[in-house]
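Shown next, in structure tokens, is the structure this report addresses.
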Amino acid sequence: MIETRISELTCRAVKELFGHEVPLSAVGIEKTRKEITGDFTILVFPFVKISRKSPEATAAEIGTFLQQHMPELSSFNVIKGFLNLVLSDRYWLKFLEKNSNNADFGFHKQRHERPVVLEYSSPNTNKPLHLGHIRNNLLGFSLAEILKANGHKVVKVNLVNDRGIHICKSMLAYMKWGNGETPASTGLKGDHLIGKYYVLFDKNYKAEMHGLIEKGLTEEEAGRQAPLIVEAQEILRKWEAKDHETVSLWKLMNGWAYEGFDVTYRRLGVDFDHIYYESETYLLGKKLVLQGVDSGELVRKEDGSIWADLREEGLDEKLLLRSDGTSVYMTQDLGTARLRYDDYHPSSMIYVVGNEQNYHFDVLKKVLVKLGLEYGSDIHHLSYGMVELPEGKMKSREGTVVDADDLMDEMFRTAEETTRELGKANELSAPDAEQLFSTIGLGALKYFILKVDPKKNMMFDPKESIDFNGNTGPFIQYTYARIRSLLARANAAGHFWEDAEIDRGLPLLPLEKETIRRLYQFQETVQQAGEEFSPAIISNYVYDLAKGFNGFYQELPVLKEEEKQKIYLRLMISKFTGDIIAKSMAMLGIRVPERM
RNA sequence: GGUUCCGUAGCUCAGUUGGAUAGAGCAACAGCCUUCUAAGCUGUGGGUCGCGCGUUCGAAUCGCGCCGGAAUCACCA
């Protein structure tokens, strides 16, 4: 990239002009601010001590040196301590011509031997997916695409939390009050049917606790002694003991949950290469823990419970097996980490999990290392923030959640309504129209979520529908559709622009150059998103690109331009922009329509 | 209470490996469709970057202290 050449030459300039070696990293290069003439700006402040001249004089000397050694540099100017470089139109035209038809532009060919294992989604089978899970799924899917674009082989895995006390609660409620209901008999999606019983359990459990507290128990005692929770724990023990009846109800209800999840996943457009089930891995975790006791890394207390002592590592003691021998969340995660490592020998394992579990992952890494499994330190937790409602956090048990299926329905309806109001569905067949509404509705939802920095909490107000104007998915999709339409017209008009040679001496207008420069930035954007695990970086880039293109499109005629060379140039810029919009959106898991 | 994260325009968010006058969108107001898709474009108003001190030629960005919010510290997951 040209920045590297600028850096190297700047180092040479400092050495030859001022007699000092400076490392490449000492050269600060940034994009020139838009009010100022230039493409790149070098900060010369770090060199004034060496040059013992004013910032202006230092900048001027370096600028002169660069101009003598860099043919691509057409001019420079100095403002305060900022050396602004103007690259030649010839350079940008060459860049455009070389890359506008390169399908791999900005992407790296696979360049890493060992894969990255990326876990995301990881639902519990006791309740349907909600908006928080949507954020998780979108981040996971997008991150996989971003890592692939950066040359990684990615194995997407889902770890289904299909066992544990939570599913026992739904099972118990169903046994008591279910009357043999099924998804078929109720018309409810399987995961929603199960969620109904989870809520029912909680309602009755709360009532029991209330009664006990009135009898004088503390809240903690009541929470432990309420008959329903005691029964649920009994079911968990029976399940671990492979009690036939318990296991078959468990299979039945989990099956319903999976059918429901599959529908939601398909609609959301996410998928997995491998699905792990905790029921199949928790025993491995248990085994690892018991081995840890034998080797003396873990401790068994008098009541039989097993703990990891992490006080020397700056954390606390952590329970790994209960006194009754059943396993906890951490136990299973140890097992799945081991299994996943043995399955793929990845260079790293990434977990897309909410930031409420930051502590859990600190512990997980340290316990793995303590057990001699060094890859524990290659675990990255992509810790994302909560989705909050105006009234606070979503809680499944209290029914204050934005359901994933409902939300997607609503997005579809809003997309349909808006599209019809604008009269843009008139010429479409029914299936094409449906497809378009889904593309736009999901595009709006996905962009809304992914444009926010993953690590930050974000706000969603169900009363305000997600916008289709401004900094939104549909805005970007619309820009793409406009470009496609323009190109179709160009072809219809018989312009053979794709094979056209553009005169390298053609002068560029500011809007043309700005757009080309934004396209150039795609490369570093992809790289940065990969380094920071951040779809938001792609989102912000593609918005900026689309926004800029709309200005270009508004101000400059393309097909109505008189000079053939200019027509070809602008078509080439348009086509390249369309391709980069599509590639960026694909990295976000968002489709782009040919018309809208 | 300990630990971690967050606080930028009325609202939702960018910008944070220290760089020039802190940016978008929404909302409000004013313009632009006989011309390649107006889900668009242009303009106006809107800021003590939570507060204070410090480091620096230069701080929204780094350090310390406060204030406010969130998460977590379970024999829950």
Side-chain angles (χ1 to χ4, degrees), chain A residues 25 28 30 32-33 35-36 41 43 45 48-49 55 79-82 84 122 124 126 161 163-167 169 220 223-224 233 278 301 303-307 314-316 318-324 326-330 332-333 354-360 362-363 383 385-386 388 392-393 415 418-419 421-422 424 440 444 448 451-453 455-461 464 466-479 481-490 493 536-537 539-540 543-544 546-547 550-551 553-561 570-571 574 595-596:
Chain A
S25 59
E30 17 189 271
T32 304
R33 297 174 62 105
E35 322 83 73
I36 291 164
T41 295
L43 306 172
F45 297 102
V48 296
K49 274 198 185 120
I79 303 174
K80 296 192 229 172
F82 300 91
N84 304 305
S122 310
N124 289 337
N126 63 329
N161 292 275
R163 46 139 274 126
I165 191 71
H166 53 88
I167 180 70
K169 290 176 181 175
E220 202 190 326
R224 268 202 312 266
Q233 276 158 353
E278 275 186 1
K301 298 205 170 173
D303 64 359
S305 58
I306 295 173
W307 299 72
L315 302 175
D316 211 335
K318 180 72 192 176
L319 177 88
L320 298 180
L321 275 181
R322 295 192 186 98
S323 49
D324 66 1
T326 57
S327 43
V328 293
Y329 180 44
M330 184 63 69
Q332 352 188 101
D333 252 12
N355 62 12
E356 55 198 349
Q357 293 189 30
N358 287 353
Y359 182 72
H360 172 80
D362 286 346
V363 173
S383 161
M386 302 288 100
E388 289 169 337
K393 207 185 155 180
T418 309
T419 306
E421 267 171 26
L422 292 169
K424 298 199 176 189
I440 295 171
F448 177 82
K451 76 171 174 180
V452 180
D453 182 352
K455 63 174 183 288
K456 290 193 178 175
N457 286 357
M458 62 178 292
M459 173 66 79
F460 176 80
D461 188 346
E464 291 177 31
I466 294 175
D467 247 301
F468 285 17
N469 297 320
N471 187 356
T472 67
F475 169 90
I476 298 162
Q477 290 172 322
Y478 175 70
T479 308
R482 273 178 143 184
I483 292 173
R484 298 306 296 173
S485 161
L486 180 68
L487 297 180
R489 280 178 189 275
I537 290 173
S539 308
N540 289 320
Y543 171 67
D544 193 50
K547 171 94 184 150
N550 281 324
Y553 181 87
Q554 183 83 17
E555 294 300 320
L556 302 176
V558 178
L559 300 175
K560 307 209 153 99
E561 165 64 38
R570 290 177 193 165
L571 282 170
S574 302
R595 308 173 56 181
M596 74 180 269

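In what follows, chains carry the letters A, B, and so on, assigned in the order in which the sequence lines appear, proteins first and then strands, with residues in each chain numbered from 1.
Both distances falling under 3.5 Å, in either a Watson-Crick or a G-U wobble arrangement, place B:G63 opposite B:C53.
Counting only heavy atoms from C-beta on, A:R489 has its side chain closest to B:U37 among B:U37, B:C41, B:A39. Comparing B:G19, B:A20, B:U72 by their closest approach to the side chain of A:L43 singles out B:G19. The nucleotide whose nearest atom lies closest to any side-chain atom of A:K393 is, among B:A71, B:C13, B:G40, B:A71. Here the nucleotide nearest the side chain of A:K560, chosen from B:A39, B:A14, B:U35, is B:U35. Side-chain proximity of A:T32 to the nucleotides B:C73, B:A39, B:A20 is greatest for B:A20. Taking the side chain of A:K547 as heavy atoms from C-beta on, and the options B:C41, B:C36, B:G19, the nearest nucleotide is B:C41. Between B:A39, B:U72, B:C36, one nucleotide has an atom nearer to the side chain of A:E356 than all others, and that is B:U72. Considering only the side chain of A:E388, B:A70 comes nearest among B:A38, B:G25, B:A70. Of all nucleotides listed (B:G19, B:A39, B:C6), B:G19 comes nearest to the side chain of A:F82.
Scanning atom types as modelled, one donor and one acceptor separated by under 3.5 angstrom connect the side chain of A:N84 and the base of B:A20. Contact annotation: side chain of A:K451 to base of B:A14, donor-acceptor pair absent below 3.5 Å. At a cut-off of 3.5 angstrom, counting only N and O atoms as typed in the model, there is a donor on one side and an acceptor on the other between the side-chain of A:T41 and the base of B:A20. For B:A39, the base has no donor-acceptor partner in the side chain of A:T479 [N/O atoms by modelled type, under 3.5 angstrom].
Close to B:G15, at under 4.0 Å from its OP1 or OP2, lies no side-chain N or O of A:K456. Proximity of A:R33 to the phosphate of B:G23: a side-chain N or O atom is located under 4.0 Å from OP1 or OP2.
Comparing A:Y478 and A:R322 by the nucleotide of RNA chain B whose heavy atom lies nearest to each, the residue mapping closer to the 5' end is A:Y478.
Among the atoms of the strands shown, only primed sugar atoms or phosphate atoms (P, OP1, OP2) are found under 4.0 Å from some heavy atom of A:Y543.
Using a 90° window around 0 for the glycosidic torsion, B:C41 falls outside it and is classed as anti.
Centroid-to-centroid, the aromatic rings of A:F45 and A:F82 come within less than 6.0 Å.
With contacts defined as side-chain heavy-atom distances shorter than 4.5 Å, the pair A:W307/A:L320 does not qualify. No side-chain heavy atom of A:N124 sits under 4.5 Å from any side-chain heavy atom of A:I167.
Atom OH of A:Y359 is separated from atom P of B:G2 by 16 Å (rounded to the nearest Å).
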